[in-house]
Amino acid sequence: MPNDFNAPEVIPSEVARRMANQEDFQFVDVREAEELEIASLPGALHMPLSVLRDQGEAGIPAELQDKDVDAVLFCKMGGRSAKITAWLMERGYTNVKSMAGGTNGWARDVDSSVQIY
């Protein structure tokens with residue numbers, strides 16, 4: 001599924017497989033705090049888009065300071081995470097991907113107990 005930012009993507013079932021295999025990667029939620037109350041995904045690091053917008057690179061958490069970090073970013077539907085993935089790539093990140101479909105895709109393809117909103 002292509003995105004407007006030409007950011008590399010991964011599908012939710014692949015992320016779930018990586019988690020089940022206990023692969024080492026950062027799972028990064030770029031949604032806003034109020035969205036976490038509606039739906040959240042296991043083991044995700046929170047890095048809201050608004051913080052990056054306000055603070056730029058200073059808003060990147062310590063867990064993502066290594067530009068070779070293996071990271072999968074997600075939001076509600078995949079647009080914001082694709083935007084941030086592309087932004088990180090412009091800054092030299094080499095192994096970041098956006099999760100296609102976001103939390104809604106996760107709810108449809110992996111865990112139906114996650115609320116679609």
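Within 6.0 Å of atom CG in D54, more than 12 heavy atoms from other residues, nucleotides or ligands are found, so the atom counts as buried in its surroundings.
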Inset, instruction - Kindly indicate, with the supporting measurements, whether the criterion side-chain contact (heavy atoms from CB on, under 4.5 Å) is fulfilled by I116 and M77. - result: CA-CA 10 Å; I116 293 177; M77 296 175 63; over 6 Å; no

Inset, instruction - Could you please spell out the steps behind the salt bridge (charged side-chain N to carboxylate O under 4.0 Å, His left out) verdict for E35 and R80? - result: CA-CA 13 Å; E35 293 178 276; R80 288 174 285 177; 2.9 Å; yes

Inset, instruction - Give the intermediate values and the outcome of side-chain contact (heavy atoms from CB on, under 4.5 Å) for residues V96 and V72. - result: CA-CA 6 Å; V96 291; V72 174; over 6 Å; no

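Here OG of S40 is found 11.0 Å from CD of Q115. Values are rounded to the nearest 0.5 Å. To the nearest 0.5 angstrom, Q55 atom CD is 9.0 Å from S50 atom OG. The OG1 atom of T103 sits 9.0 Å away from the CD1 atom of I38 when rounded to the nearest 0.5 Å. Rounding to the nearest 0.5 Å places CE of M99 at 5.5 Å from CG of L41.
Between M89 and P8 there is a side-chain heavy-atom pair separated by less than 4.5 Å. Residues D29 and L73 have side chains not in contact (no heavy-atom distance under 4.5 Å, counting atoms from C-beta outward). I84 is listed as a side-chain neighbour of L49, based on a closest heavy-atom distance under 4.5 Å. Contact of the W106 side chain with the F74 side chain is not registered, since no non-hydrogen atoms from C-beta on lie closer than 4.5 Å. At a threshold of 4.5 Å between non-hydrogen side-chain atoms, the residues F25 and N95 do not count as touching. Between M47 and V51, the closest side-chain pair of non-hydrogen atoms is not below 4.5 Å. Using a 4.5 Å cut-off on side-chain heavy atoms (C-beta onward), V114 and N104 make no contact. Between K83 and D4 the shortest side-chain heavy-atom distance does not fall below 4.5 Å.
With respect to E32 and K76, no salt bridge is recorded, no charged nitrogen being found less than 4.0 Å from a carboxylate O.
Across C75 and V30, no two heavy atoms sit closer than the pair CB-CG2, 3.8 Å. Contact record, F5 with G79: CE1-O, 3.6 Å, taken as the closest heavy-atom pair. Nearest approach of A82 to S98, heavy atoms of both residues: N-OG, 3.2 Å. Listed here is the closest heavy atom pair of G105 and P12: C-CG, 3.8 Å.
There is a side-chain donor-acceptor pair under 3.5 Å between D68 and T94.
In this view, E57 and R91 satisfy the salt bridge (charged side-chain N to carboxylate O under 4.0 Å, His left out) rule, not counting sequence neighbours. For L45, the side-chain contact (heavy atoms from CB on, under 4.5 Å) criterion is met by Q26, V28, P61, E63, L64, not counting sequence neighbours.
Taken together through direct or relayed side-chain contacts under 4.5 Å among Ile, Leu, Val, Met, Phe, Trp and Tyr, V110 and F27 form part of one hydrophobic cluster.
Formation of a donor-acceptor pair under 3.5 Å by the H46 side chain with backbone atoms of R31 is found in this model.
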